[in-house]
Structure formats: structure tokens, C-alpha cells
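These notes concern the structure reproduced below.
Only a predicted model underlies this, so the values are computations on that prediction, with no experimental measurement involved. FYI, the numbering just counts along the sequence from 1. Note that these values count all heavy atoms, side chains included, but never hydrogens, waters or copies made by symmetry.
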Amino acid sequence: MRLLTKRELQMMTALWHSENSLSAKEIGELDPEISMNTILAVLRKLLKSNLIKTDSVEMSGSTLMRKYVPILQEEDYLTSAVSDKALKKNCGTVY
């Protein structure tokens with residue numbers, strides 16, 4: 001498994017630490033410094049990579065809003081990331 005980018009990790013952390021599924025708007029409210037365009041682009045990339053899935057589609061005013069949940073669990077990612085770094089370090093290649 002590849003390491004997540006900084007933005008991907010931010011989105012995944014928000015989803016991992018939430019008890020409920022989150023919309024792009026709710027993720028943006030957690031970190032207002034990230035633009036909505038960035039959030040939507042990263043969510044699309046995570047969806048395409050099968051790291052998250054759409055949990056539900058709800059009405060928000062007059063628009064539809066998707067809510068997301070992680071497929072990849074935090075413990076699995078951290079275990080993979082740590083073992084991948086250790087393997088690369090032992091083979092003489094460090095990030």
C-alpha cells in the first residue's frame with residue numbers, strides 16, 4: 001500500500017475519528033483552511049482508490065449531499081505505513 005499524501009491523510013483522519021459519516025462540507029468545517037475544491041478533489045481520489053465509500057446521499061437544502069466513510073481502517077494504514085518504511089530502511093532506501 002502506498003503512503004497517503006498530506007491532504008489525503010487529513011481527510012482520512014477526519015473520517016477515522018468521526019463516529020458518523022461526513023460530507024465534504026462537514027470535513028471543511030473541521031479544517032476551514034482547506035478549500036472546498038481541494039476537499040472535493042481529494043475525496044474523488046480516495047473514492048477512486050477504494051479507500052473511502054459513499055455511505056449515504058442526503059438532501060441539504062435544495063442540493064444532494066454525499067456522506068463518506070472510510071473503507072481503509074486507521075490501524076491497517078498505520079501498520080502498513082510503518083512496516084513499509086521499516087522494509088525500505090532495512091533495504092537501504094529511505095524516503
- To the nearest 0.5 Å, atom NZ of Lys53 lies from atom CZ of Arg66 at 15.5 Å
- Message: Tell me if a side-chain donor or acceptor on Thr79 pairs with a main-chain N or O of Glu75 at a distance below 3.5 Å.
- Response: yes
- Task: Rounded to the nearest 0.5 Å, what's the gap from CG on Leu40 to OG on Ser35? Could you check?
- Result: 8.5 Å
- Query: Closest heavy-atom contact between Ser49 and Arg2?
  - Reply: OG-NH2, 3.7 Å
- Query: Do you know which two heavy atoms are closest between Glu26 and Ser21, and how far apart they sit?
  - Reply: OE1-O, 3.8 Å
- Task: List the atom of Ala14, the atom of Leu22, and the distance in Å for their closest heavy-atom pair.
- Result: O-CD1, 3.5 Å
- Note on the structure: Residues Leu72 and Trp16: closest non-hydrogen pair is O-NE1, 2.7 Å
- Message: Using a 3.5 Å distance criterion without hydrogens, assess whether the side chain of Tyr77 forms a donor-acceptor pair with backbone atoms of Leu4.
- Response: yes
- 4.5 Å side-chain heavy-atom contact, Val42 and Ile34: no
- Message: As an exercise, state the distance from CD of Glu74 to CG of Leu15, rounded to the nearest 0.5 Å.
- Response: 11.0 Å
- Hey, could you give me the CG/CE distance between Leu64 and Met59, rounded to the nearest 0.5 Å? 5.5 Å
- Message: So, taking the atom named OH in Tyr68 and the one named OG1 in Thr54, what distance separates them when rounded to the nearest 0.5 Å?
- Response: 5.0 Å
- Out of curiosity, Leu46 CG to Glu8 CD, how far, rounded to the nearest 0.5 Å? 5.0 Å
- Message: Would you say that more than 12 heavy atoms from the other residues, nucleotides or ligands in this model lie under 6.0 Å from the CZ of Arg7, or not?
- Response: yes
- Message: Under 4.5 Å between side-chain heavy atoms, counting indirect links through other Ile/Leu/Val/Met/Phe/Trp/Tyr residues: same cluster for Val69 and Met65 or not?
- Response: no
- Note on the structure: Heavy-atom nearest pair, Pro70 first then Met12, reads CB-CE, 4.0 Å
